[in-house]
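Remember, it's 1-based here, ligands and their atoms both numbered in the order they're listed. What you see is a predicted model; the values in this text were computed from it and never measured.
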Amino acid sequence: MPEFQTSPGMRDILPPESARWRRFVHVFADVAERAGYGQVISPMLEDLGVFQRIGDATDVVTKEMYDFVDKGGRHVALRPELTASVCRAFVQHRPATPWKVWYTGSQFRYEKPQRGRYRQFDQVGIEVLGADDPYLDVEVIALGWEFYRALGLQQVRLLVNSLGEPDDRARYVAALQAYFEANLDALSAESRTTLQKNALRVLDSKRPQDADVIAAAPMIAEFHSDEAAAHFAAVQAGLTALDIPFTVDAKLVRGLDYYRRTTFEFQGLTLDSAQNALGGGGRYDGLVESLGGPATHGVGFALGLDRTLLACDDEGVFAPPAAAVQVFVVDTTGGLEAVRITGELRAAGLAADRAFENRSMKSQMKAADRSGASVAVIVGTDELEAGTVVVRPLRTAFDPSAADDKQARGQQAIARNDLIDHLKKAL
Ligand code: HAM
């Protein structure tokens, strides 16, 4: 085993998978930008305090942060998510509202690594700051839905809930706390520990022992103020108007503490239940204020790239791209002609590669096949003297009825000067 390997929960993304990652972000950018969202690129490292505002009752903040004191004595952390950074940027730059942004990048959480759960993972997401309209929640959710459709994913379920206004939420948490305390004996040891920090998170427990107590717990809807109930009804009406199927899940509380009113989650039906959250989000009115800004409404989501690609693999959609180049240049005259030809091909906008180290014709043709190119351009001494090149299709079927081997391969000799025009027409 080599001395150095990636740290647990961190991975190298190699070609062609890396090309799939880039396309994933392109598809997302396209969906977001067509809806008027601009990209925000913020630092991977922020003052620890920025992320502490996510809430001190969440594991993301209390247990999983990669934080350290830098050489200047600042206590900083690698971002565990991007919503707090976007709100910090909003407070710092005060753009006009509604501020509609999208983002992509790596996040860091010190979690127990497993399939679909990593310590460095990537997200794409959107946030809108400064607008309090339930139809904005609908727009945000619909863009997530549209993105999954653009990838070709079908097995996705949308869950929605409302945590009510801050007062509603506080009354609900108090009622839940009292209820779980009255039923303490029936709860698992883990849930009893969770209860000491955050009664809402007990609802997230997937342990069979907790199922009955959770099923009979008070429901958030009983605590909704008229305003919160009207907001939630409008969100549901908007989703229905767009024919987006959804399920109201009264137990959907999500892992971060900043949510108010709408919360939602996209679940991948092909994934294990512990890692089936492909993405999620909601309203977080109050977060900007806690970062020192004016009272500002916020809504958004983040989608996990790693997990969404696992779901794509399960459904056989959005496969890694196949061929990397279109043309492969084979030169048995020493290599200088390949230098010229690949240079010309690339300058003309064609994707071209070549072999190095003056290998045999056979070895170069093998490399041409491996490259995934559609044609090989072959130069030998005869061609060099005659001012020609041979163009051999690599992906067309061999024709056994042809007069000779060259014809059977669809191979053609082309004047060197006509090569670019010929290939541009042929490819
Ligand atoms: P989150 O639910 O913590 O929300 O993360 C969103 C998505 O990131 C998850 O659904 C999952 O797909 C992916 N994810 C989270 N942790 C991991 C991990 N350890 N390994 C792989 N994937 C992971 C947020 O981050 C909020 N900032 C979302 C948001 C935006 N809310 C409002 N605006």
Side-chain angles (χ1 to χ4, degrees), residues 8-11 13 21 24 28 32 37 40 42 50-51 53-55 58-61 63-66 78-90 99-129 136-137 139-141 143-144 147-148 153 156-161 163 201 204 252-268 271-288 296-312:
M10 302 198 174
R11 295 155 308 144
I13 308 300
W21 278 43
F24 185 99
F28 186 77
Y37 292 69
V40 61
S42 58
V50 171
F51 303 121
R53 301 302 190 280
I54 295 169
T58 137
D59 286 352
V60 170
V61 174
K63 289 197 198 148
E64 298 168 1
M65 204 103 80
Y66 279 85
L78 290 176
R79 66 185 178 208
E81 60 114 50
L82 262 154
T83 310
S85 292
V86 168
C87 290
R88 193 268 312 137
F90 177 82
W99 196 43
K100 295 171 75 171
V101 294
W102 72 272
Y103 53 74
T104 181
S106 294
Q107 323 299 326
F108 302 84
R109 297 181 192 176
Y110 198 82
E111 294 199 75
K112 192 160 174 261
Q114 52 195 289
R115 183 180 142 93
R117 190 174 293 278
Y118 310 101
R119 290 182 177 166
Q120 176 174 348
F121 60 94
D122 273 53
Q123 289 182 338
V124 293
I126 60 176
E127 311 290 350
V128 188
L129 292 171
L136 180 58
D137 307 22
E139 169 172 302
V140 165
I141 297 171
L143 288 176
F147 174 61
Y148 293 125
L153 278 177
V156 181
R157 179 168 55 191
L158 167 63
L159 303 177
V160 296
N161 191 22
L163 293 174
R201 295 307 308 276
D204 262 353
L252 181 73
V253 294
R254 307 221 352 100
L256 302 159
D257 286 339
Y258 48 56
Y259 293 113
R260 309 279 179 268
R261 294 194 274 181
T262 315
T263 57
F264 56 93
E265 196 159 280
F266 297 105
Q267 291 186 345
L271 300 177
D272 282 353
S273 68
Q275 276 83 248
N276 68 355
L278 297 178
R283 276 209 168 260
Y284 45 87
D285 305 345
L287 185 57
V288 169
T296 306
H297 298 281
V299 57
F301 66 63
L303 313 178
L305 185 151
D306 312 72
R307 275 184 210 176
T308 306
L309 288 179
L310 289 177
C312 288

Apply side chain to side chain contact (heavy atoms under 4.5 Å, CB included) to the pair D306 and R11, showing each step before the final yes or no. CA-CA 11 Å; D306 312 72; R11 295 155 308 144; 2.2 Å; yes

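With sequence neighbours left out, R115 forms a side-chain contact (heavy atoms from CB on, under 4.5 Å) with L271, L310, D314. For D272, there are no side-chain contact (heavy atoms from CB on, under 4.5 Å) partners two or more places apart in sequence or in a different chain. Under the rule for a side-chain contact (heavy atoms from CB on, under 4.5 Å), the partners of K63 that lie at least two apart in sequence or sit in another chain are D59, K197.
Cation-pi geometry between R119 and F108 is not satisfied (NZ or CZ under 6.0 Å from the ring centre, within 45° of the ring normal).
Residue F266 is tested with L303, L153, T308 for a side-chain contact (heavy atoms from CB on, under 4.5 Å); the sole match is L303.
Closer than 4.0 angstrom to ligand 1 by heavy atom are E81, T83, Y103, R109, E111, G116, R117, Y118, F121, Q123, E127, R254, L256, Y258, Y259, A277, L278, G279, G280, G281, G282, Y284, G300, F301, A302, G304, R307, sorted by chain and number.
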